[in-house]
Amino acid sequence: MIAIGSDHAGFPLKEEIKKYLDENKIGYNDVGCYNTDSFDYAISAQKACDLVVSGECDKAILCCGTGIGISMAANKVDGIRAAACSEYFSAKYTRLHNDANCLCMGARVIGVGEALEIVDVFLNTGFEGGRHQRRIDQIMDIQNGKKLY
């Protein structure tokens, strides 16, 4: 199950992603927003990421104008590793090396076709583990207030 959310700028892209998820029989929980009326991205970021942290959803996909603001909000939720991606390579490697559990994209930055390729690689790429796990553990240590140096 995927948590999906947006602000008003990301709403049209979120709707296109939902069509992709439907076509591929991937379940999702749409946490809003539900139209192009002004809506603050932090609200949908927190709702979606809470579903991931609780285990109700496996990953989150979030959209705003640039993908940056919503990723900043998402990364404030304990246990979330959100990545703002605007191309295939970063989306693939944020899963392989960073075990990102939240994909953020900018509706004003990329087109629908590229966004759907990014969603596809994000959802279908696993985490390599190995030497990368140490780095994920360090990220979590920083989140928990531990100094690495």
Side-chain angles (χ1 to χ4, degrees), residues 1-129 132-133 135-140 142-144:
M1 178 75 69
I2 305 300
I4 187 166
S6 71
D7 69 355
H8 55 282
F11 173 75
L13 181 57
K14 179 184 69 133
E15 293 302 297
E16 293 296 325
I17 294 167
K18 285 169 50 178
K19 290 177 191 175
Y20 165 88
L21 296 173
D22 287 337
E23 289 168 5
N24 289 280
K25 297 177 177 41
I26 300 169
Y28 59 85
N29 186 334
D30 183 350
V31 300
C33 71
Y34 304 107
N35 55 47
T36 56
D37 294 344
S38 182
F39 188 83
D40 297 331
Y41 55 75
I43 296 168
S44 55
Q46 188 175 43
K47 284 181 178 181
C49 291
D50 283 349
L51 290 173
V52 173
V53 172
S54 74
E56 189 172 332
C57 291
D58 301 314
K59 294 179 184 73
I61 300 173
L62 300 171
C63 304
C64 69
T66 63
I68 297 169
I70 207 161
S71 71
M72 293 171 76
N75 276 315
K76 295 298 180 182
V77 177
D78 281 352
I80 293 298
R81 290 176 304 283
C85 297
S86 57
E87 39 70 38
Y88 184 92
F89 185 85
S90 294
K92 180 177 180 176
Y93 280 86
T94 200
R95 287 289 307 129
L96 284 170
H97 293 183
N98 308 123
D99 198 21
N101 54 9
C102 179
L103 170 64
C104 302
M105 293 184 292
R108 295 175 178 157
V109 176
I110 57 174
V112 172
E114 186 161 18
L116 297 181
E117 288 178 0
I118 290 168
V119 167
D120 185 69
V121 72
F122 183 81
L123 294 179
N124 292 300
T125 301
F127 176 52
E128 280 185 350
H132 304 294
Q133 184 61 53
R135 296 168 186 141
I136 301 306
D137 294 342
Q138 290 171 344
I139 291 169
M140 300 312 293
I142 291 169
Q143 181 175 307
N144 293 321

Minimum heavy-atom separation for [X] and [Y], please, with both atom names.
X    : Y    : result
C49  : C102 : SG-SG, 4.1 Å
L123 : I26  : CD1-CD1, 4.0 Å
F39  : I43  : CZ-CG2, 3.8 Å
D7   : D40  : CB-C, 4.4 Å
A60  : A48  : CB-CB, 4.2 Å
L116 : E16  : CD2-O, 4.0 Å

Would you indicate whether the side-chain heavy atoms of [Y] and [X] approach each other to under 4.5 Å?
X    : Y    : result
V119 : L103 : yes
V121 : F89  : no
R81  : D99  : yes

Spatial distance of atom [atom1] ([X]) from atom [atom2] ([Y]) [nearest 0.5 Å]:
X    : Y    : atom1 : atom2 : value
Y88  : I110 : OH    : CD1   : 14.0 Å
Y93  : H132 : OH    : NE2   : 9.0 Å
T125 : D120 : OG1   : CG    : 8.0 Å
D30  : I61  : CG    : CD1   : 11.5 Å
S71  : K76  : OG    : NZ    : 11.0 Å
C63  : L13  : SG    : CG    : 4.0 Å

Verify the neighbour count for atom NZ of K18: are there more than 12 heavy atoms of other residues, nucleotides or ligands below 6.0 Å?
->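 Result for NZ/K18: enclosed.
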
Could you walk me through whether K47 and L62 pass the side chain to side chain contact (heavy atoms under 4.5 Å, CB included) check?
-> CA-CA 11 Å; K47 284 181 178 181; L62 300 171; over 6 Å; no

Please check this pair: side chain of [X] against backbone of [Y], looking for a donor-acceptor N/O pair closer than 3.5 Å.
X    : Y   : result
R108 : A9  : no
N101 : G79 : yes
N35  : D37 : yes

Take I17 and M105 through the side chain to side chain contact (heavy atoms under 4.5 Å, CB included) test and state the conclusion after the steps.
-> CA-CA 11 Å; I17 294 167; M105 293 184 292; 3.5 Å; yes

Stepwise, does the side chain to side chain contact (heavy atoms under 4.5 Å, CB included) test hold for E56 with M1?
-> CA-CA 7 Å; E56 189 172 332; M1 178 75 69; 5.8 Å; no

Taking it one step at a time, do C85 and F122 satisfy side chain to side chain contact (heavy atoms under 4.5 Å, CB included)?
-> CA-CA 10 Å; C85 297; F122 183 81; 6.0 Å; no

Using distance alone, with no hydrogens and no angle criterion, decide if Q46 and D50 have a side-chain donor and acceptor under 3.5 Å apart.
-> no

